[in-house]
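Working notes, beginning with the structure itself.
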There are 2 protein chains.
Amino acid sequence: MARRGETIELAVLGLLHEGPMHGYELRKRLNLMLGWGRLLSYGSLYPALKKMLRGNLIEEVAAPAGPVSRRQRIVYQVTDKGTEEFSRLMSEVGPAAWEDDNFDIRFRFFSSTDMEIRLRVLEGRRSRLQERLDRVQRELAMTQKEVDRYAAELQRHGVESVEREVRWLSDLINAERGAQGHSVAKPIPPTQTPTSPSTSQ
Amino acid sequence: MARRGETIELAVLGLLHEGPMHGYELRKRLNLMLGWGRLLSYGSLYPALKKMLRGNLIEEVAAPAGPVSRRQRIVYQVTDKGTEEFSRLMSEVGPAAWEDDNFDIRFRFFSSTDMEIRLRVLEGRRSRLQERLDRVQRELAMTQKEVDRYAAELQRHGVESVEREVRWLSDLINAERGAQGHSVAKPIPPTQTPTSPSTSQ
DNA sequence: GGCTGCATGTAAGTCGTTACATGATTTA
DNA sequence: TAAATCATGTAACGACTTACATGCAGCC
């Protein structure tokens, strides 16, 4: 996973750009976005917030809006330095940016960057997946002799999933390219129903 | 990720049941199977092998087959105790078993267990994914007011991917159920082309 | 003769989880 | 008033990665 520390920082900065928030709330949102699996623990989040406070990336909000409900809680907001750092991190389009978690976070905050960056991240991600696919299929061809049926099925399913993801990325890339001109708005055509009505348990 | 240590142990034991191997080879295969992302490093594998040696789960093979090419390498094979441990781990059908990596490994070695276990793992995995889906969609309904287009697209794609996986699991479960009688063979109907011809970069 | 790939290992450090500890507030 | 949830934090621990160190073997 490498360097999720930076991932958390980026995510926190991004969320706080959507409005001041306290730690508990941040954790909930964080788990919702990178939540397709592991949960982020307090033991991770709070130290990270402390660190960001020390680095002046975020600061505590003076007066909490409501005069009632004076619960013990610390609301944070980004500082100017934090905004700078956020932009810097978002424009870092190296290999680290196409890693699973890092990619998701960047994508989530794509509205905050311009099209050039978006395209580079999207394309980088796509070629990384493509490489994975090629590598696996190459090695698969070598080993394929006596394959276990379950092993084979797992491979098949894995390859298929990645292929779908590649197509998804290609669609997004085309959408970005098609939106030439306005470099920060409406890049995504309605791909499907906004609220999927399936998942009837 | 929690407890990948056990995952590695299980994977190594499983692979060694398919024949003796040395560390380097193990790593290659391991990366191929759980390789949809992070690579397992030597700093992880070798200490794990040492630990398994100490625990008498595996042992060094005396004479390497070929009389030529006497390269420095240590070939391992499972002991009886290792086989026992492998069976034990494979029949552990708790929440840990439906975690991403753990599930993949177990599935990969499904041929080594009986149908009862397979079904429990498959069903556990499915209901875990279902829960994730429900939780996200419930919370999504609450937050959905002013959603960022990219954030929305990410959610949509995520939900769709998990839904596909649920369908995949359901198919597998039906296949297992349909194969009543022979509890260890031919559970999977040919779902598609064995070697997918796509992926023309 | 040098580069690349095979092969094994260790040490240090990072990152994050688990478990613990505490307490306020809302709801049944 | 008890239980659930909100809310913040720390200490200990574990797992894995990075970087380092070493050396053989095959190929150009």
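Note that the structure is predicted; figures quoted are calculated from it, not measured. Values below: every heavy atom of this structure, side chains too, minus hydrogens, waters and symmetry copies. In what follows, every chain begins at residue 1, and chains take the letters A, B, ... in the order their sequences are listed.
Shown here are the side-chain contact (heavy atoms from CB on, under 4.5 Å) partners of A:S91, two or more places apart in sequence or in another chain: A:I117. With sequence neighbours excluded, the residues forming a side-chain contact (heavy atoms from CB on, under 4.5 Å) with A:S170 are A:R126, A:V166, listed by chain and number. Applying the side-chain contact (heavy atoms from CB on, under 4.5 Å) test to B:P47 and every residue at least two apart in sequence or in another chain returns nothing. Annotation: side-chain contact (heavy atoms from CB on, under 4.5 Å) contacts of A:E18 (sequence neighbours excluded): A:L15, A:R29, A:R108, A:F109. Annotation: ring pair (Phe, Tyr, Trp, His ring centres under 6.0 Å) contacts of B:Y24 (sequence neighbours excluded): none.
Atom P of nucleotide C:dA7 and atom CZ of B:R73 are separated by 5 Å, given to the nearest angstrom. Computed from coordinates, the A:M21 CE to D:dC6 P distance equals 16 Å when rounded to whole Å. Atoms NZ (B:K28) and P (C:dG5) sit 12 Å apart, rounded to a whole Å. Atom CD of A:E60 and atom P of D:dT8 are 10 Å apart (whole Å). Separating the CD1 atom of B:I74 from the C1' atom of D:dC24 is a distance of 14 Å, rounded to the nearest angstrom. Computed from coordinates, the B:R27 CZ to C:dG9 P distance equals 14 Å when rounded to whole Å. Rounded to whole Å, atom C1' of D:dC6 lies 15 Å from atom CG of A:N31. Counting to the nearest Å, the C1' atom of C:dA24 and the NE2 atom of A:H22 are 13 Å from each other.
Residue A:Y24 places its side chain closer to D:dT5 than to any other of C:dG16, C:dA7, D:dT5.
Within residues 43-57 of chain A, the residues approached by DNA chain C to less than 4.0 Å at the level of any non-hydrogen atom are A:G43, A:S44, in residue-number order.
Rotation axes derived from the C1' atoms of the five outermost pairs at either end of the helix from C:dG1-D:dC28 to C:dA28-D:dT1 lie 40° apart, to the nearest 10°.
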Return all side-chain donor-acceptor pairs below 3.5 angstrom for residues 51-60 of chain B, not counting sequence neighbours, or 'none' if the list is empty.
from, atom 1, to, atom 2, distance (Å)
B:E59, OE2, B:Q77, NE2, 3.0

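Ring geometry for A:W168 against A:F107 counts as tilted: the plane angle lies between 30° and 60°, on a 0 to 90° scale.
At a threshold of 4.0 Å, the pair B:D101-B:R106 does not count as salt-bridged, since none of the basic side-chain nitrogens sits closer than that to a carboxylate oxygen.
Residues in residues 75-87 of chain B take part in these salt bridge (Lys or Arg N to Asp or Glu O under 4.0 Å) pairs, two or more places apart or across chains: B:E85-B:R88.
In terms of phosphate contacts, B:Y42 brings no side-chain nitrogen or oxygen within less than 4.0 Å of OP1 or OP2 of C:dT8.
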